[in-house]
Every structure is written in structure tokens, then in C-alpha cells.
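Here's the structure, in C-alpha cells; my notes come after.
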Amino acid sequence: MNRYLFTAAPIVLIASPAIAGEEVIYAAAPDWIAPVDIEAAIAKGEELVLYDRQVRMEDGIVHRYTDTAYKAANSQALTRLGTLQFAWLPDKGDLTIHRLQLIRGNRVIDLVAEGVEANVIRRERELEKRTVDGQLTAVVAVPGMEVGDVLRFSSTTSTQDQALGSEMQAGEGVVASPAKVGFGRVRISWAEDEDIHWDTIGQMDKPTERLIDGYRVVEVMLPIAEPEDMPEDSPARFRLSPAIQVSTFADWSEVANVMAPHFETEGTIAAGGPIAAQIARIKAATSVPLERAALALQLVQDEVSYLMNGLDGGNYLPQSPAQTWELRYGDCKAKSLLLLAMLREMGIEAQAVLVKSEGGDAV
């Protein structure tokens, strides 16, 4: 049997939330959040008063809590801070807004309690790249803000990807000097019995993992020390921005084992159907396996245009070959699966490969 290798690229694993709704939820912050002394943060006198990102990974869901506060030091800041945006992927989870506040001296103005709500819009940012991700944005026009106020807002997005099942992953960048923040933190936690693997990338000290109330915690206070400048032409691994990466995947083989079932082809080509007709045409044209493979590749590339549809798990899940041929569009995953199915139907062994085509040795 002849073997050919084809590539589904680029597939970059980035977690997102279980099928949910498109409505914004308003609720108190979850119990697992570590508190912040906002008064002490304000007293530092920085424009960025607070940046607190806390991540809880549990039961296949990644929860990202973000608490941010800025001081409106002048009229320019009023304009810049006058509209807030909260983004999420509704096919993967929820957006919950916990807090919209103006802090004016000793007074805290609760905008949610006063009836301020977000307007939800959908804005596809990469249509020119033939990419549709379905991201929604909750937009809040902040009323009544005055120079000198501190605007504080916090929210949580939940994340469970359809393709990954119970597997979880998260990556959090960190703020480095000379940036200034009154209080800054990145804190990631998971249940003690979860099989979690984590590490840092870029120039940063590795924090100490702690066990607190049955949860393992990795915490970095911000800003970290300023990274050393690296030459523009240095290898990409030396120019990585500092970050923490966390995952239930122990290695790339585990990633492949999770993704491989989504590229199974048995039963995907109907006998007597339109794809079967194309296969019969190719087989009639030549008996040479390499030539058949080349003709199948040419067909998929010439007859199926590129469109990445990230809705309903399409960020990792490929369309079926029948759907791709009917629509005559698909992304790298969809086109690879169609090609795999055709090759295997012709007795040519082929495999899909997960590839990150950019980033060089930073991978």
C-alpha cells in the first residue's frame, strides 16, 4: 500500500467555552477568587490601578476571571475609557459580568445596580482572511464618569472546547517592567487531583507551585522584571513574550490522540455520491498511486475555496467531506479531511499532521 502525508495547518490549540447562550450574565464573582485590596492599589497612584487575571481549571472547563481598574486622570482618559468591551465565543461558554463601578473618593457607584447593561454585537475581525469565528462583544457605554474617578470592571468567561472533551489548556501572558500597575497578578489554580502540566516561556522566573485548600496554585505578581532586549534577527525562541502555559496534555502524542478521531474517514464517502464519482474519474485516468494522489490534491485545491468557519466548534472540528464538497468551501482541516477520505477510498494510505506553520523554533 502506498503512503502519502498531507498536512492540516495551521491548527493551534487555544481553549474556549460548552455550548451556551448569547446573553450576558450578571452575577457576583465566584467564590474561588482571591481578594484584592483596591484601596491600597489606588493609593499607589498609577493610571493602571488594577490588573488581576485569575484562572480556574476544573472538570474540563477553563474559567478566566479578569478584574481591571483605571484612573480617569484627564479628559483624554475619559474618552479612552468611555466604552468597555467584553468578548467571548458563545458556542463555547458564557460571559459573566460581575462588576461595573465608578470609585469616586470614598464613594462606590454601582453601575449594574443602576441598570447599566451591555449591548451585544457581532464583529468578524478577519473576514478579509476568509475567517469567521463567531465572537460576540458586549459593549458598555460608561455613564457619568468624571475626571479623577477610578473605573473598575470585572468579568469571567468560561471555556470548554467541543473537540477537546475533558482536556483543558490555558496560556496567560504577564506584564513586565517598565509597565506600572497599582496591583497586578496572574493566578492559575486547579484541583489537587487534576493531572495538570505547566511551565513558563520567555524571560521570567518560574513561580513556586503551592497547595491551598485542595487546589494547586501558580501565582505571579506583576509587573515582572524587564526582559533583556533581544536582536530582531535572533531565533524566535529567544523573543518569546513572557507567559505561563498550563494544560492537561502531557505531550504532543496526547494532543494527537485527542485530535485523531476527528479525522477518521470510514463511511464519510457515500457510494454513488458526488465524491465517489470524482474518485471514479481519477481512477479511470491513471493507475499510478502517486498520480492519483496528485489529481485528488489538485481537485481539492482547485474546486474547494478557503473559508474558516469557527462556529459550533469549527475552530478544531473539521467539516465532513460531504459538507465540504457541497459547500465548495472549507478550511485547512476540512480540505485535509476531504483529501484523506478520497485517498483512503483509493487504497492510498494517508495521515493528517498537526502543524503550526508560523513561529519557527518558538514552538
Side-chain angles (χ1 to χ4, degrees), residues 14-15 28-30 32-57 62-74 76-88 95-104 108-112 118 137-140 142 145 148-159 170-189 198 200-208 210 217-227 240-246:
I14 303 176
W32 51 267
I33 295 300
V36 169
D37 187 341
I38 187 63
E39 293 182 359
I42 293 173
K44 293 289 185 66
E46 303 295 346
E47 182 178 3
L48 177 54
V49 174
L50 170 66
Y51 177 77
D52 188 25
R53 171 64 65 82
Q54 300 189 42
V55 179
R56 171 61 59 90
M57 305 176 70
V62 179
H63 303 269
R64 284 183 171 88
Y65 168 87
T66 306
D67 191 6
T68 309
Y70 286 94
K71 184 173 182 178
N74 49 49
Q76 289 79 14
L78 288 179
T79 300
R80 188 175 68 253
L81 301 173
T83 303
L84 301 178
Q85 299 183 26
F86 305 83
W88 84 106
L95 166 67
T96 303
I97 292 179
H98 310 298
R99 179 187 291 112
L100 296 172
Q101 294 179 344
L102 292 175
I103 303 174
R104 186 172 297 157
V108 177
I109 303 170
D110 187 337
L111 299 178
V112 174
T137 303
V139 180
V140 178
V142 180
M145 184 163 48
D149 287 352
V150 171
L151 173 64
R152 185 181 183 188
F153 48 97
S154 61
S155 64
T156 297
T157 56
S158 57
T159 301
E172 295 299 331
V174 300
V175 178
S177 295
K180 297 182 181 298
V181 56
F183 179 90
R185 171 173 61 189
V186 170
R187 179 185 175 97
I188 305 174
S189 61
W198 69 276
T200 59
I201 62 173
Q203 298 180 46
M204 63 176 293
D205 294 332
K206 188 171 182 177
T208 300
R210 297 179 292 159
V217 177
V218 173
E219 184 175 85
V220 177
M221 304 309 295
L222 307 177
I224 64 168
E226 183 175 5
L240 284 169
S241 298
I244 304 174
Q245 295 184 333
V246 190

Practice prompt. Could you go through the side chain to side chain contact (heavy atoms under 4.5 Å, CB included) check for I109 and D149 one step at a time?
Written response: CA-CA 10 Å; I109 303 170; D149 287 352; 5.6 Å; no
Fill in: Geometric class of the Y65/W32 ring pair [parallel <30°, tilted 30-60°, perpendicular >60°]
perpendicular
Discussion item. Counting C-beta onward and ignoring hydrogens, is there a side-chain heavy-atom pair between V220 and T200 closer than 4.5 Å?
Written reply: no
What heavy-atom pair brings [X] and [Y] nearest, and what distance separates the two atoms?
X    : Y    : answer
P207 : V218 : CG-CG1, 3.4 Å
V181 : Y51  : CG2-N, 3.9 Å
I97  : A118 : CD1-CB, 4.5 Å
W198 : I244 : CE3-CG2, 4.2 Å
V142 : L81  : CG2-O, 3.8 Å
L48  : K180 : CB-O, 3.8 Å

Just how far is it from atom [atom1] of [X] to atom [atom2] of [Y], taken to the nearest 0.5 Å?
X    : Y    : atom1 : atom2 : answer
L240 : I201 : CG    : CD1   : 5.0 Å
L95  : F86  : CG    : CZ    : 7.5 Å
H98  : T156 : NE2   : OG1   : 2.5 Å
L50  : R152 : CG    : CZ    : 5.5 Å
I188 : R64  : CD1   : CZ    : 8.5 Å
Q203 : E226 : CD    : CD    : 10.0 Å

Practice prompt. Report, as yes or no, whether the 6.0 Å neighbourhood of atom NZ on K206 holds more than 12 heavy atoms from other residues, nucleotides or ligands.
Written response: yes
Discussion item. Tell me if the OH atom of Y70 is crowded by more than 12 foreign heavy atoms within 6.0 Å.
Written reply: no
Discussion item. Treating S177 as the side-chain partner and I224 as the backbone partner, does any N or O pair qualify as donor plus acceptor under 3.5 Å?
Written reply: yes
Worksheet item: Are the side chain of N74 and the backbone of Q76 linked by a donor-acceptor contact shorter than 3.5 Å?
Response: yes
Discussion item. For V175 and V186: C-alpha separation, side-chain torsions, deciding distance, then whether side chain to side chain contact (heavy atoms under 4.5 Å, CB included) applies.
Written reply: CA-CA 9 Å; V175 178; V186 170; over 6 Å; no
Discussion item. Quick one, V55 with V246, criterion side chain to side chain contact (heavy atoms under 4.5 Å, CB included). Give me CA distance, side-chain angles, the key distance, then yes/no.
Written reply: CA-CA 10 Å; V55 179; V246 190; over 6 Å; no
Worksheet item: Which salt bridge (charged side-chain N to carboxylate O under 4.0 Å, His left out) pairs, counting each pair once, include a residue from residues 40-50, with sequence neighbours left out?
Response: E47-R80
